[in-house]
Amino acid sequence: MDKTAETTGVLSGAAATRTDGHEIKVAASNVSVFYGEKQALFDVTIDIPGRQVMAFIGPSGCGKSTFLRCINRMNDTIDICSVTGTIEIDGANIYDPKIDPVLLRARVGMVFQKPNPFPKSIYDNICYGPRIHGKARAGSEMDEIVEVSLKRAGLWNEVKDRLKEPGTGLSGGQQQRLCIARAIAVNPEVILMDEPCSALDPIATARIEELIDELRERYTIVIVTHSMQQAARVSQRAAFFHLGRLVEEGETDLIFTNPSDQRTQDYITGRFG
Amino acid sequence: MSDKSISTAPAVQTGNWYEPDAKLKRRYASDRRLRFYGVTAIVFALGMLAALVGTIAVTALPAITQTMVTLDVELPADKIDPADPRSAGYLKLFSDAVARLFPEVDTPKETRELRQLFTSSAQYQLRDMVVADPSLIGKTVAFTFPLSDIGDQLHKGAIDRNLPSDQRRVSDIQIGWYDRLVEQDRITAPFNWGMIFNADSRFPEQAGLWGALVGSFYALLICFLVSFPVGISAAVYLEEFAPKNRWTDIIEVNINNLAAVPSIVFGLLGLAVFLNFFGMPRSAPIVGGLVLSLMTLPTIIIATRAALKAVPPSIREAAIGVGASKMQTVGHHVLPLAMPGILTGTIIGLAQALGETAPLLLIGMNAFITAAPESMFNPSTALPTQIYIWADSPERGFTSRTSAAIIVLLGFLVCMNAIAIYMRKRFERKW
Ligand SMILES: Nc1ncnc2c1ncn2[C@@H]1O[C@H](COP(=O)(O)OP(=O)(O)OP(=O)(O)O)[C@@H](O)[C@H]1O
Ligand SMILES: [Mg+2]
């Protein structure tokens, strides 16, 4: 199943390892983002370890989404947006002009705040990514990818009898899991999630959180969340952003119990934001 | 201070629940007045529309039927060569049949007057009948053909018999012959298929819309084939790919201006460019279609851009997020989702083009052409220009045919708009 690493090996380079055994998957240094004249992100430097969940927290408008979207160059689609600094995935700079953003996005999947399935069948939603990347031919090979992806996203049992029905006909929580399945169908290495549960009820949220916990075995996950509890539940590491700057980053337990910065302390205890 | 003012403020008088006070009544009254104005405006608009369509329909009524006469024509085998039935002397055969029915008519003047009751092309219709079915040769057949305009008017009661003879278009003797034909049950008035399936003619009883329908069809086909792909490409480029800068702003303003350019200007442009510069054939549907496509382009571009804008950004993000290129995002997702809106706009644009007259007049599509065009390069008329030609013709029969042609044109327009509305409803999507 894990053939992505060979087939899309556009990025290569030595990945640094950390003392705690998790190699660094994404390494950002001095990333600044400008929307036209306005600077939204200031010199963010952060290492994101592989096969863990990293949570970005911080008050609204502090640049979490902006930074997240830098990691798969989603910001390229905004005309006025410009990015400086470097982001390395497995040691290769993704802002290198030689890197093709389309291939990059096959390796760095994304799940959005609002579930956004294509207005097509559930099956077509999943197989769209593999098809355009030529990862599988139509037929049994594709069927298998669809099944595996839906199983990993914990949606298989609910939809296996109605794969031909439109994805937009599912409930909100199911739609979001469909979007996760769609993202993992192209077998990415990193999955970015921008407030994936903000449109869901507590039960659907719990399912997604469980799912994130399972997915962490295979994928590197970066999640933006406004819920401190959620960050504490699903993440191993957390990064706190404030006014476009990375204030502090570390193990989630430490950040929540013993933050080193006063602003972090104020935010997680609910004094602002 | 503020506390005090609140406590001393007079309580608002609102009457009780069942009897609204004067202020409330005034409010309701003004609501009702507004509603009344609205209803009046709608009634006025509908009334005008009904009056318009009503008068046209009433005028068109006589054109629904065409008065026909049936004669027994002998087709002797020795006068018609079965190997070449086209070249026989049908005028003689026809005249013989008329003479048998009216043996007393023998002076040339009377014969001419008698022939004025029948359509002038009767012998050709007889020929076509025999050519189409050579087995008729050697028999005596019942030949049905149209009465002339005056005969038709006489039958439909449009000519007043009580007027003195020199003030009406038929003479007393012609009325006598007509009455004899009626007595013999030779006059019928079936549905006027000729109105649709005949080409144009100088004689109203033979004039039909077929040439104009074919011409309009070709012109709209060209218009669609040119403006649809070009319009969509332009709109997709402007909306999805073009950088947003001063140049694209200028282009956008100009496209919007183009939509407001009077159609006659497009006609002049077509005359100068397609006819005079490129030397394309005059009066041909291909030129008409090209001119109309110039007019339809802005409509399609504007509709397409609106439809593209209406596709939610979340769909684009979803596609780009799984690694679709810009082109794939547009081709696989955005464009299909925008298609209903695009098609609706296109149909409305084509409906406008169908009714457009001025530019076609300038490129000569109002020529008098008695055969439907065989291809889009042959001279032809179009529906609106055919109406224009007929409206200009003095014969009484053309008055009702003009209105009937207008009804046909309106029918097409209503159908096209209905399809557009249906598609908008059918494919309306909620995200
Ligand atoms: N497309 C854009 N154009 C201009 N400015 C933008 C754009 N997107 C974001 N910004 C600005 O960048 C800053 C950071 O926005 P961002 O969306 O990253 O915040 P966020 O931390 O994700 O907030 P939230 O928690 O509310 O989602 C904000 O000040 C915002 O106004
Ligand atoms: Mg955000």
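So that the names make sense, note that chain A is the first sequence line, chain B the second, and so on, each numbered from 1.
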Sorted by first residue and then second, give each ring pair (Phe, Tyr, Trp, His ring centres under 6.0 Å) pair with at least one member in residues 297-340 of chain B; sequence neighbours left out.
Phe118(A)-His333(B), Tyr128(A)-His332(B), Tyr128(A)-His333(B)
Within-4.5 Å side-chain heavy-atom neighbours: Pro243(B) and Asp79(A):
no
Do Arg69(A) and Glu317(B) sit within salt-bridge range, that is, some charged N less than 4.0 Å from a carboxylate O?
yes
Could you tell me whether Phe217(B) atom CZ has more than 12 heavy atoms of other residues or ligands within 6.0 Å of it?
no
Largest heavy-atom contact set with chain A, pairs under 4.5 Å, which of Arg316(B), Lys326(B), Gln328(B), Lys244(B):
Gln328(B)
From the list Arg73(A), Met110(A), Met74(A), the residue making the most non-hydrogen contacts under 4.5 Å with chain B is Met74(A)
All pairs passing salt bridge (charged side-chain N to carboxylate O under 4.0 Å, His left out) where residues 297-307 of chain B contributes a residue, at least two apart
Glu239(B)-Arg305(B), Glu252(B)-Arg305(B)
Check the surroundings of atom OH in Tyr422(B): do more than 12 heavy atoms from other residues, nucleotides or ligands lie under 6.0 Å from it?
no
Just give me the residue among Thr77(A), Val102(A), Val111(A) that pairs up with chain B most often, heavy atom to heavy atom, under 4.5 Å.
Val102(A)
Between the side chain of Asn116(A) and the main-chain N/O of Ile315(B), is any donor-acceptor distance below 3.5 Å?
no
Take a 6.0 Å sphere around CZ of Phe241(B) and say whether it holds more than 12 heavy atoms from other residues, nucleotides or ligands.
yes
Taking all atoms of both residues into account, what is the closest heavy-atom pair of Pro119(A) and Leu337(B), and its distance?
CG-CD2, 3.4 Å
Tyr35(A), OH atom: more than 12 neighbouring heavy atoms under 6.0 Å
yes
Minimum side-chain heavy-atom gap Arg105(A)-Ile320(B) below 4.5 Å
yes
